[in-house]
Amino acid sequence: MAFGTETVYGLGGDATNGAAVAAIFAAKGRPAFNPLICHYPSGENAFLDAVADTRAMALAEKFWPGPLTLILPRRAESKVHELACAGLATIAVRVPAAGIAHALLAQVDRPIAAPSANISGHVSPSMAAHVMEDLAGKIAAVLDCGPAQVGIESTVLDLSGAVPVLLRPGGVGIAELASVIGDIAMPDADSAVISPGMLASHYAPSLPVRLAAVAVGADEMLLAFGPALNGAAGVFDLSARGDLTEAAQNLFAGLRVLDAEGARIGARGIAVMAVPEDGLGIAINDRLQRAAHPRG
Ligand code: TXA
Ligand code: MG
């Protein structure tokens, strides 16, 4: 069943049940080598499956519940099914913000594996209607929890080694993390193997995406940030007043709206205005770069 979290909608299933986990991979068309995040109602619950060191404890204290996922060594006694962790010795754990997701997790009282509730590689869902666009007929239900407050996925931080590595920028900023645990390394070329979800092409609409647009063609759709450029076939403004929090909330809806409208009117592609590379802008640009990446 899909449900809303503060980041994006997730497609949830009992992480300890192999058939449930397999059904998640099947519905999304997700490659089985790409592990899932396990969701918990509290840090205490999460650390029954993952080994927390002092860094993990400090981050959990500060940012949970909230948009942060920690990659930690998996406990030998954890009942999370191997398929959820793609056979890795590590596990991804997260405690979503209070609200319906929290109530659901507390009620079921077991780890819930939940990737974003979209077809694998497609734009993530920030509302229940987006989930239905992608997965209607393939899943049992979606719990409508309203529009996601953050709008982009959790920050994924790998704490399984001596040096913390940022695997995915997201709802919690890098500077905020560093203020608690010090230096954080950026992923190198090998990280795509460590975190199989870091594929270059992801979050992809069907129309081609062009970044850092300073002018726009009459046959292009425009994803604007701040005052929109003139002349596009259609416009979606992420934030007319140039606010990054508002832009993150609107990002996936904007890509979906422009993609559908652009395909309907025969537009050539989606042009995207520059978004500043700081705070949430880092996570927004990460998603836009993957959306623009040539498809493999
Ligand atoms: O905000 C979110 O994190 C949402 C909501 C539903 O919680 N979930 C989400 O899940 O974005 P998903 O599956 O779309 O992204 C999970 C990312 C993938 O890039 C995956 O490769 C990585 O986390 N990941 C999961 N387990 C991992 C592990 N053990 N080691 C490294 N990376 C891992
Ligand atoms: Mg995803």
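We count ligands from 1, going down the list as the structure has it; atoms in each ligand are counted the same way. Given the structure is predicted, the values throughout are model-derived calculations rather than measurements.
Close contacts between ligand 1 and I37 involve ligand atoms 3 (O), 8 (N), 9 (C), 10 (O), 16 (C) [criterion: under 4.0 Å to a heavy atom]. Close contacts between ligand 1 and R30 involve ligand atoms 12 (P), 13 (O), 14 (O) [criterion: under 4.0 Å to a heavy atom]. Every atom of ligand 1 is numbered from 1 in the order shown, and the set under 4.0 Å from a heavy atom of G10 is 6 (C). The P115 neighbourhood of ligand 1 comprises atoms 10 (O), 12 (P), 13 (O), with distances under 4.0 Å to a heavy atom of that residue. With ligand atoms numbered from 1 in the order given, ligand 1 contributes 1 (O), 2 (C), 4 (C), 5 (C) to contacts under 4.0 Å with heavy atoms of T7. For ligand 1, the atoms lying closer than 4.0 Å to a non-hydrogen atom of A114 are 6 (C), 8 (N), 10 (O). Near N34, the atoms of ligand 1 lying under 4.0 angstrom from a non-hydrogen atom of the residue are 18 (C), 20 (C), 21 (O).
A side-chain donor from one of D134 and H122 sits under 3.5 Å from a side-chain acceptor of the other. Residues T69 and R168 have side chains that never bring a donor and an acceptor to within less than 3.5 angstrom of each other. A side-chain donor from one of R94 and T5 sits under 3.5 Å from a side-chain acceptor of the other. For the residue pair D49/Y40, the side-chain donor-acceptor check at 3.5 Å is satisfied.
Under a 3.5 Å cut-off, the side chain of R210 and the backbone N or O of E220 do not form any donor-acceptor pair. Distance alone, capped at 3.5 Å, is enough to place a donor-acceptor pair between the R30 side chain and the N34 backbone.
Its side chain outside the 4.5 Å cluster rule for every partner, I37 clusters with none of the Ile, Leu, Val, Met, Phe, Trp and Tyr residues.
Using bins of under 30°, 30° to 60° and over 60° for the plane-to-plane angle, the ring pair Y203/F252 lands in the parallel bin.
For the Mg ion (ligand 2), protein N, O or S atoms closer than 2.8 Å were enumerated as S116 OG, with waters left out.
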Salt bridge (charged side-chain N to carboxylate O under 4.0 Å, His left out) between R287 and E153, worked out: CA-CA 10 Å; R287 307 305 186 266; E153 295 86 346; 2.9 Å; yes
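Using a cutoff of 4.0 Å between basic side-chain nitrogens and carboxylate oxygens, K62 and E176 are not scored as salt-bridged.
When hydrophobic clusters are built by joining Ile, Leu, Val, Met, Phe, Trp and Tyr residues whose side-chain heavy atoms come closer than 4.5 Å, directly or via intermediates, V150 is not grouped with L68. Put simply, V275 and L255 are part of the same group of oily side chains (I, L, V, M, F, W, Y) that touch within less than 4.5 Å, one to the next.
Contacts with ligand 1 closer than 4.0 Å are made by heavy atoms of both the backbone and the side chain of T90. Heavy atoms of L167 found under 4.0 angstrom from ligand 1 belong exclusively to the side chain.
For ligand 1, none of its N or O atoms has an N or O atom of T5 under 3.5 Å away. Of the N or O atoms in E153, none lie within a sub-3.5 Å distance of an N or O in ligand 1.
Comparing S116, G170, P67 against atom 14 (O) of ligand 1, the shortest heavy-atom distance belongs to S116.
In this structure, R74 does not count as a contact residue of ligand 1, since none of its heavy atoms falls inside 4.0 Å of the ligand.
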